[in-house]
J.: 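The structure that follows is given in the form of structure tokens.
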There are 2 protein chains.
Amino acid sequence: MARVQFDREQVIQDCTQLFWQQGFSGASMQKVVQATGLKPGSLYLAFGSKEGLYQAALEHYARQSQATLSQALENAPSVGEGICQQLLRMIEAAEKADYCSCFLVKSQLELAASGGDLHRRVCAYITEIEDLYVEYLQRDYPQDQARQYATSLMMHVFGIRVYGYLERDRDRLLAAVKSGLPWLPWDACEQEALQ
Amino acid sequence: MARVQFDREQVIQDCTQLFWQQGFSGASMQKVVQATGLKPGSLYLAFGSKEGLYQAALEHYARQSQATLSQALENAPSVGEGICQQLLRMIEAAEKADYCSCFLVKSQLELAASGGDLHRRVCAYITEIEDLYVEYLQRDYPQDQARQYATSLMMHVFGIRVYGYLERDRDRLLAAVKSGLPWLPWDACEQEALQ
DNA sequence: GGTTAATTTGAATATTCATTCAAGTAGAAG
DNA sequence: CTTCTACTTGAATGAATATTCAAATTAACC
């Protein structure tokens, strides 16, 4: 089936799921071959190396995360309520059996020691997300406060992403986030959810 | 030098550092051999497998963390001030060039997908630390509040451990932690530090 | 329909991996 | 001093690793 190029988007999606679950070292190229259904040669022609593939997966995940976030904040009744929704969604996600934290957070911790190009990209993507929060928060707050709130937000997101693996009382995690970010319109958001 | 057994404690310490930096998949047994100076045969006789070695490293790290925490909270002017000290120490640690987050957090994220014995142990160690916080907080607060505060605390610790990798303004991270945990005696703790 | 060029194929490569074990060594016991 | 036993040694094992490449395939073009 030459000249009928494989669905690049689909392959990257499959890779993203695999790397997200198993990490860079944990996911062998053999597993990638299985997950994508492609042969090694095709993968290497298209992506150059395992690192190239991981890079593509990382970018796919980051772009998707940013898009989801922007969309949610645009469509919400207010930026604050949109953020609440996102946080609630993250806490809910941690309940699922196949919970997998966040691909960027996992990559950050796995790749930091290498100090390579991949790690630099991970940092950049995370920073972009923080900056996105700043941008939206500036609609309601002065710049300095927006920056500070964004940092608090990111720290809480990271906390949720790790704490989520512990099978403990979800309500306590929720209460922790609420009390840690008291400036968010939690009540308004919960009334929305009930409707 | 038969019958002169190697220094088990030292070997476990070396392994802890290696696994902490590079992770389970990232640290090959060859690297362990280099780091410890032992030959494969000795390592396998003493620890059974790579997993056995990782387990020993994990336990060493967890026991040390718990001991450090207990000691700090016992010796501090108050439990709250001791906790502040610990959090400040974590934020400071993130400044160092060879910053490596927390071995338990990194293990949690790397091993969760495997669902194996190692992961169960990681969860147990983390839970023990949270319970340790509860125990000390109960000196100053009723049980329910102590539990809730401990959860908030753990979430912030996780947040610091991940956010620490980003080379951003340390003061903003500190401010985020302070505002997220407003019930802690930050002022008293900082005056202690100045003396 | 034949030629070309892009794409896929999948076996083969060399390296690295975790693990094993027969042989060697040195302290303890007699 | 000899024997015994516990420990260390390190080369060897086979499986898994990332990557390559010559051959096969097929769509597009003339």
Side-chain angles (χ1 to χ4, degrees), chain A residues 1-58 107 110-111 113-119 121, chain B residues 1-59 106-107 110-111 113-119 121:
Chain A
M1 276 184 284
R3 276 283 178 118
V4 179
Q5 230 185 141
F6 58 84
D7 183 348
R8 191 180 165 97
E9 214 37 49
Q10 181 63 51
V11 167
I12 292 177
Q13 231 170 296
D14 294 340
C15 285
T16 302
Q17 199 173 358
L18 183 70
F19 282 131
W20 185 0
Q21 270 179 34
Q22 316 211 6
F24 182 78
S25 298
S28 67
M29 282 304 287
Q30 205 185 115
K31 285 179 183 169
V32 174
V33 166
Q34 278 190 327
T36 60
L38 289 187
K39 305 295 161 183
S42 302
L43 288 168
Y44 276 84
L45 188 76
F47 298 97
S49 65
K50 189 184 180 183
E51 200 169 311
L53 249 158
Y54 196 91
Q55 208 176 99
L58 222 42
S107 298
E110 179 178 5
L111 304 173
S114 78
D117 186 52
L118 281 180
H119 178 237
R121 282 167 197 266
Chain B
M1 276 186 284
R3 275 283 178 118
V4 180
Q5 232 185 140
F6 57 84
D7 183 348
R8 192 182 164 95
E9 216 34 51
Q10 181 63 52
V11 167
I12 292 177
Q13 231 171 294
D14 293 340
C15 284
T16 303
Q17 199 173 357
L18 183 71
F19 282 131
W20 184 1
Q21 271 179 35
Q22 317 210 6
F24 182 79
S25 297
S28 67
M29 281 303 287
Q30 204 184 115
K31 286 179 183 168
V32 174
V33 166
Q34 277 191 327
T36 60
L38 289 187
K39 305 296 160 181
S42 303
L43 288 167
Y44 276 85
L45 189 75
F47 298 97
S49 66
K50 188 183 180 184
E51 200 170 311
L53 250 159
Y54 196 90
Q55 209 176 99
L58 222 43
E59 184 176 344
K106 291 182 80 172
S107 298
E110 179 178 5
L111 304 173
S114 76
D117 186 51
L118 281 179
H119 179 237
R121 282 166 197 268

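Note that the structure is a prediction, hence the values are computed from the model and not measured. Note that these values count all heavy atoms, side chains included, but never hydrogens, waters or copies made by symmetry. Throughout, protein chains are lettered first and strands after them, A, B, ... in sequence-line order, and every chain is numbered starting at 1.
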J.: Could you tell me whether the phosphate oxygens of C:dT16, OP1 or OP2, come under 4.0 Å of any side-chain nitrogen or oxygen in B:Gln30?
T.: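 No, no such contact exists.
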J.: Considering heavy-atom distances to DNA chain C, does A:Lys39 or B:Phe24 have its closest nucleotide positioned more toward the 5' end?
T.: A:Lys39
J.: Between A:Ser25 and B:Ser42, who's closer to the 5' end of DNA chain D by nearest nucleotide?
T.: B:Ser42
J.: Which residues satisfy the side chain to side chain contact (heavy atoms under 4.5 Å, CB included) test with B:Ala56, sequence neighbours excluded?
T.: B:Ile12, B:Phe47
J.: Would you kindly give the CE-to-C1' distance between B:Met29 and D:dA12, to the nearest whole Å?
T.: 16 Å
J.: Looking at B:Gln17, I want to see if its CD is surrounded by more than 12 non-hydrogen atoms of other residues, nucleotides or ligands under 6.0 Å.
T.: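 Atom CD in B:Gln17 is not crowded, with 12 or fewer foreign heavy atoms closer than 6.0 Å.
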J.: Atom CZ of A:Phe6 to atom P of D:dA27: distance rounded to whole Å?
T.: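 Result: 17 Å.
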J.: Does any non-hydrogen side-chain atom of A:Leu58 lie less than 4.5 Å from one of A:Phe19?
T.: no
J.: Hey, does A:Leu45 reach any base, or is it just sugar-phosphate, or nothing, if we go heavy atoms under 4.0 Å?
T.: base
J.: Return the orientation label for the B:Phe24 and B:Tyr54 ring planes: parallel under 30°, perpendicular over 60°, tilted otherwise.
T.: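 Rings of B:Phe24 and B:Tyr54: perpendicular, as their planes differ by over 60°.
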J.: Tell me: CZ of A:Arg8 to P of C:dA6, nearest whole Å?
T.: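 Roughly 17 Å, once rounded to whole Å.
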J.: Are any of A:Tyr44's side-chain N or O atoms less than 4.0 Å away from OP1 or OP2 of D:dT20?
T.: no
J.: Work out which heavy atom in A:Ser49 is nearest to a heavy atom in A:Tyr44; give both atom names and the distance.
T.: CA-CE2, 3.8 Å
J.: Please test A:Leu18 against A:Thr36 for side chain to side chain contact (heavy atoms under 4.5 Å, CB included), starting from the C-alpha separation and ending with a verdict.
T.: CA-CA 10 Å; A:Leu18 183 70; A:Thr36 60; over 6 Å; no
J.: Minimum heavy-atom separation for B:Val32 and B:Cys15, please, with both atom names.
T.: CG1-SG, 3.9 Å
J.: What pairs of nitrogen or oxygen atoms, one from the protein and one from nucleotides 12-14 of chain C, lie under 3.5 Å apart?
T.:
none

J.: Tell me, which of residues 49-58 of chain B have any heavy atom that sits under 4.0 Å from an atom in DNA chain D?
T.: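 Result for residues 49-58 of chain B: none.
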J.: What integer distance in Å separates B:Leu43:CG from D:dT9:P?
T.: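 So the CG-P distance, B:Leu43 to D:dT9, works out to 10 Å.
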J.: So for atom CD, which belongs to B:Gln10, do other residues, nucleotides or ligands contribute more than 12 heavy atoms lying within a distance under 6.0 Å?
T.: yes
J.: Given side chains that start at C-beta, do those of A:Glu110 and A:Ser25 come closer than 4.5 Å, heavy atoms only?
T.: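 Side-chain contact under 4.5 Å: yes.
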J.: Between atom CG in A:Asp7 and atom P in C:dT8, what is the gap in whole Å?
T.: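 Whole-Å distance recorded here is 11 Å.
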J.: What's the CZ-P distance between B:Phe47 and C:dT20, to the nearest Å?
T.: 16 Å
